Amino acid sequence: MSSVEPTNASSAVLKKAGALALIGLLCGLVLVATRQFTAGPIADNRALAAQQLYTDLLARPLDKPLIWHAGVSRLCAGEILLQLSEPGYASKIDFVGLWRPSAPAKPTPDLAQTEGADESNNNDRAPNSGGVSLRVVWHTETPGIGDFIDHARSDYVPTLDASDAATWAGLDTISGATITQQALQRAALAVFAEVTKPQIKALPCG
Amino acid sequence: MASSIFYRATITQNPAWVQLLGLCPLLAVSTTFANSLGLAAASGLVLLAANTSISILRFLIPESVRLPCFVLIIATFTTVATLLLEAFAFDLYAKIALFVQIIVTNCMILGRAEAFASKQPVGAALLDALGTAVGFALALIVLGSCREVLGHGTLFSDLDLLLGTGVEWELRLFNAPPLAIVAQPPGAFIAAGLLFALAQACLGRATGSVSGRPAKTSTQLANQIDVKEIT
């Protein structure tokens, strides 16, 4: 009697697990078939949306496709585009950031003497002297609370276009969406940090 | 029999104005007619596919693991709806994707699976799903239309996102929004409350119920449906 009960119990567990596995398999097949059917149009739509996003960020049409090296694209006009992710409130937030060099400012004579700056150094300006613009490519932040980072829903991020590091670092906390706002801030500051790296400077432009 | 299942699911047991189910996406997305139509189509697709699948698989699903199985099936069809929307209505997807993804948690769909589809043959489950989907669509579209007209002064704006580009559907009915708050989240609650009250009043008049009688809760209604459907 005692040896029969465990057998019955384990067969019941196996039956339930088998049913779940079978339904999981069927669901997986449905998803694979749908993915096969929609993969092409989705890729086309995403490419078009990305193209519009870069055009919007650069404020000029792109005459040729961007060349990406591990999420970084250096344009011959001096700008650098970066794809990056930061953890948000709901899940990761995918950003694209544009660093644009600021116009070289001539140092005052006093400043030049104090800091030992000269004309050649002035042309090789520090990357973090430029401005950073951000756009959110993908997010699942709470609608109506954290989705202010989505440029399609709010002007909050576009109004910060080409802001310097100090502006991004000094953003006021947004009540109720602190984590989302901090993700935005971290992404902008990460762009400033990335563009100073020598390997980024060494990338071929395209 | 078939028409009574459909009528009950659409009107007398309407998921929105009688059972008050699926209110989160209903209130959040019903800002325009086009958004409402998009969510109604996505919810309808998930409901039809999930109810039919669950009815077909009902003898295979063990009683004690039925809820994980239902959620797995509903999540699959929600993902299918999201993929289809992203592939063929990308602009609309960009606007309402977040609300399409949370269809998986919509109690209306899980409720119909648990109360009806898991106990009924495929034909009846399909009819119930169709009726529920039409009822939910009706509530969404009426609310979306009212909010768009009062909150934006237009009707059918952005409908080209759903029905294809090249045709301008937008009708401008007012130069300025007559009641802009209706387009905002607080206005959604007010407009939905008034519309649901109107629907209840019409429903009460049609069925001859005594006014002032306390309304049944959604749990009471679900139990009532369960008893009817089992017997």
Side-chain angles (χ1 to χ4, degrees), chain A residues 9 11-53 88-91 93 135-154 176, chain B residues 24-25 27-29 31 35 39 45-46 49-50 52-54 56-102 104 118 158 161 184-186 188:
Chain A
S11 77
V13 169
L14 276 177
K15 192 181 165 191
K16 287 169 194 171
L20 261 175
L22 184 62
I23 288 167
L25 182 70
L26 290 172
C27 291
L29 287 174
V30 169
L31 286 178
V32 168
T34 312
R35 184 71 191 150
Q36 291 291 322
F37 173 60
T38 54
I42 287 175
D44 292 345
N45 286 334
R46 285 184 181 175
L48 194 64
Q51 194 78 1
Q52 283 171 350
L53 195 68
Y89 178 73
S91 63
I93 305 170
R135 289 292 182 275
V136 171
V137 181
W138 190 86
H139 74 97
T140 55
E141 298 304 284
T142 314
I145 299 172
D147 64 350
F148 68 92
I149 55 166
D150 190 337
H151 64 279
R153 292 163 194 263
S154 162
Chain B
C24 171
L27 295 172
V29 173
T31 47
N35 285 359
L39 184 71
L45 175 79
V46 175
T52 310
S53 309
I54 288 166
I56 291 170
L57 298 169
R58 68 187 187 281
F59 298 117
L60 188 73
I61 299 172
E63 178 73 9
S64 55
V65 290
R66 69 189 189 287
L67 284 179
C69 290
F70 295 166
V71 172
L72 195 58
I73 291 168
I74 294 167
T76 300
F77 289 110
T78 304
T79 311
V80 168
T82 309
L83 287 172
L84 289 175
L85 209 55
E86 190 177 0
F88 303 111
F90 189 77
D91 291 329
L92 188 71
Y93 165 83
K95 287 176 79 176
I96 66 167
L98 285 174
F99 300 99
V100 174
Q101 286 157 6
I102 60 169
V104 74
S118 60
D158 293 341
L161 302 182
Q184 304 302 316

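A note on names: the letters A, B, ... follow the listed sequences, proteins ahead of strands, and every chain is numbered from 1. Owing to the predicted nature of the structure, the values given are computational and were not obtained by experimental measurement.
To the nearest 0.5 angstrom, A/I42 atom CD1 is 9.5 Å from B/T82 atom OG1.
Between chain B and the options A/C27, A/G24, A/A49, the largest number of non-hydrogen pairs under 4.5 Å is found for A/C27. Heavy-atom pairs under 4.5 Å with chain A were tallied for B/A75, B/C69, B/P185, B/A28; the largest tally goes to B/C69. When each of B/T76, B/L84, B/T79, B/L60 is scored by its heavy-atom pairs under 4.5 Å with chain A, the top score falls to B/T76.
Smallest separation of non-hydrogen atoms from B/E86 and A/N45: O-ND2, 2.8 Å. A pairwise comparison of heavy atoms in A/A19 and B/P62 identifies CB-CD, 3.4 Å as the closest pair.
The side-chain heavy atoms of B/F77 and A/V30, taken from C-beta on, include a pair separated by under 4.5 Å.
For chain A, no part of B/E63 is nearby; none of its heavy atoms comes within less than 4.5 Å. Heavy-atom distances place both the backbone and the side chain of B/I73 under 4.5 Å from chain A. Of the atoms belonging to A/L26, it is side-chain heavy atoms, and not backbone ones, that fall under 4.5 Å from chain B. For chain A, no part of B/S53 is nearby; none of its heavy atoms comes within less than 4.5 Å.
Within a 6.0 Å sphere centred on OH of B/Y93, heavy atoms belonging to other residues, nucleotides or ligands number more than 12.
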